[in-house]
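Letters A, B, ... mirror the listed sequences (proteins, then strands); counts begin at 1.
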2 protein chains.
Amino acid sequence: MEKVTINSVAKHAGVSKKTVSRVLNNEPNVSDATREKVQQAFKELNYRPNPIARGLAHNRSFIIGCLYDNPSKSYITRVQSGALEACQDRNYNLLIHPCELRGEPLIDNIETLVSTSRLDGIVLTPPFSDNKELVDYLKTRNIPYARVAPVTLEDESISIKSNDTQAAYEITNLLLSLGHKEIAFIKGHPDHSATEARFDGYVKALGEQGIAVKSEFVAEGNFSYHSGEDSARQILESTTRPSAVFASNDYMAAAVLKVASQMSLKVPEELSIAGFDNAPIARHIWPGLTTIAQPVEDMTFRAVTLLIDKINAPESDDIEEVFAGKLIERESTAQLIN
Amino acid sequence: MEKVTINSVAKHAGVSKKTVSRVLNNEPNVSDATREKVQQAFKELNYRPNPIARGLAHNRSFIIGCLYDNPSKSYITRVQSGALEACQDRNYNLLIHPCELRGEPLIDNIETLVSTSRLDGIVLTPPFSDNKELVDYLKTRNIPYARVAPVTLEDESISIKSNDTQAAYEITNLLLSLGHKEIAFIKGHPDHSATEARFDGYVKALGEQGIAVKSEFVAEGNFSYHSGEDSARQILESTTRPSAVFASNDYMAAAVLKVASQMSLKVPEELSIAGFDNAPIARHIWPGLTTIAQPVEDMTFRAVTLLIDKINAPESDDIEEVFAGKLIERESTAQLIN
DNA sequence: CTGAAAGCGCTTACAG
DNA sequence: CTGAAAGCGCTTACAG
């Protein structure tokens, strides 16, 4: 295949390459006749602009980086899918960058990423969305970024929030309305600020019913299946066993279900279980998990879209939006039987 | 931040930019003294070569595309993780390209991808690894590619194979050795050639024991959880119920477990279940699934590594390697009780 | 062993 | 409305 460049097109259309460039970028100041002639040439030669050359001239890479450190593969896939869609809409590429928060020095790692890949912008997912050090670094380096689901860190930047506290409040209220009073809670990873947010919702709902939070009913998990197992044992083997467990993600909730099976506790008859996230496993196990569905794809799509807009109009205002989660009732929760 | 380019380095080190370029690319013909001077300048200025400029000059993008259409998110994540590692080792970037085999015209889609992103190479995962049309297109376009887990399509190219037939044979033999004779099978998606390969292993193992394959024990799934559910109902509600079900991936096996629970069939006491892939769900449900672990990350890592080598030495021979799967026994299979 | 020139395919000022 | 020149940051021939 002979290379088709802006020069071939210019020659073919009998205009200068600058004019071709103008048509390419939908700039004004081209006569309709010329524009059509050039577009005709595009078609006839099957011309595709070379993004690398364009990137060099613009000093842009048209690449967005996506930073994550999350144990949930389904979460990551959903994040990617939303980010990818937003990139494709605007002719950007997506670079994925898994990275351990507690691994090698974070800032060094990101510094290398940014300078070797010349990212135009970066989208932060939990737990990075709340990482002050990182956000500060990006700010001083003047690298555009957007945050997905930040919780604790207030920051003037594109922020697409979820309302974890409200969602956890709703799911706890569901359990309360089913007659449960002894409701245990399994916390997530301490590095993720959603952990506290979800716990707050649980505490708030109990508080409104005048129910005290019992420390033996609160276990420290870390969002992993394994931690859910340990937490479930600790909770279910305590002398006063709860009638419901609210695990702050679905993996841990699935682990509670496993432990319950092993202890021959029937779910939901003898134990109600609720999760969070609506991960695939929530509907792939039996009984299916009552949980909160977060619009993860939509949130990431929005974050990346706003990020790209920002890159192209740096003066624009930073936007903060909240996307609500949705309660999904499945078979793992039921009315308390006395 | 002032931009640090090859020119700044050259000025700082008191040499020409060509010499800097030579040091950068580890070319010979530079005196040790000069080389050190330049490297010193790299450090002092904290110089990072601009890959876009390099790409333009080389007519290279240093980007590898990863093509997939797979219902299993965990499979995709594992593929990505292996590919990413290989790319990072060699300073390439990874572009992910989910794509529906039966969606918009495949070749058009890939044509657009290749020409807009200027991929240097592309790694094909199932079901694309066996897609003759696609492989032919890449060949005529002279785009380097590597195939992960191809089965049916013979092709002179980098191919990292798994041995699905052998693995399915082993898992069927395990069930047979546990005393099972009535073993049902759930097939995968007809577009994936692993589907037939796995079925072949099942047929072979039964054949060696003189057991006929009963058509009512073979269900047509498509690798999705939902298809597993339908298949499980069909099989378990038949008049002569099997004592074991071998589903050709773990999602479908998990669905069999769900249906068994709903029918109050105890697993593994009354029904043994085996899966394939060792997806996370295999150990996240209870009882855990007996399955085959494939070294997916290693396979993809190897494929991408060889692909990048090939890009840099187009004359090199194409390599074909086979990676074996490993049988993992968990709680979902047990000795047949009469 | 080292460098000046030209070029990769596009764009941004600047002219007209 | 259109174009000739210079440049993005690097590399590939070609000289010396």
Please determine, by modelled atom types, if His97(B) and Asn109(B) share a side-chain donor-acceptor pair under 3.5 angstrom.
-> yes

Quick note, Asn25(B) side chain, CB onward, closest among dT11(D), dC10(D), dG3(D) is dT11(D)

Using a cut-off of strictly less than 4.0 Å between a heavy atom of the residue and any atom of DNA chain C, enumerate the qualifying residues of residues 38-62 of chain B by number.
-> Leu56(B), Ala57(B)

Would you indicate, yes or no, if dT11(C) has its OP1 or OP2 atom less than 4.0 angstrom from a side-chain nitrogen or oxygen of Ser21(A)?
-> yes

For atom CD of Glu36(A) and atom C1' of dT2(D), their distance in whole Å = 18 Å

Report the relative orientation of the aromatic rings in Phe42(A) and Tyr47(A); use parallel for angles under 30°, tilted for 30 to 60°, perpendicular for over 60°.
-> parallel

Donor-acceptor pair between Tyr75(A) and Gln294(A) side chains, under 3.5 angstrom = no

Any side-chain N or O of Ser31(B) under 4.0 Å from OP1/OP2 of dT2(C)?
-> yes

Measure from CG on Asn7(A) to P on dG3(D) and round the result to the nearest Å.
-> 13 Å

Please give, in whole Å, the distance from dA15(D) C1' to Asn29(B) CG?
-> 14 Å

What is the distance from NZ of Lys17(B) to P of dG7(D), rounded to the nearest Å?
-> 11 Å

By salt bridge (charged side-chain N to carboxylate O under 4.0 Å, His left out) - contacts of Glu85(B) (at least two apart) | none

Lys139(B) atom NZ, over 12 foreign heavy atoms within 6.0 Å | yes

Hey, are Lys43(A) and Glu36(A) close enough for a salt bridge, meaning a charged N less than 4.0 Å from a carboxylate O?
-> no

Would you kindly say whether Asp318(B) and Ser157(B) are connected by a side-chain donor-acceptor distance under 3.5 Å?
-> no

Do we see a donor-acceptor contact under 3.5 Å between the side chains of Thr77(A) and Ser74(A)?
-> no

Annotated structure of DNA chain D as dot-bracket, pair cut-off 3.5 Å, Watson-Crick or G-U only, | for inter-strand, is |||.||||||||.|||

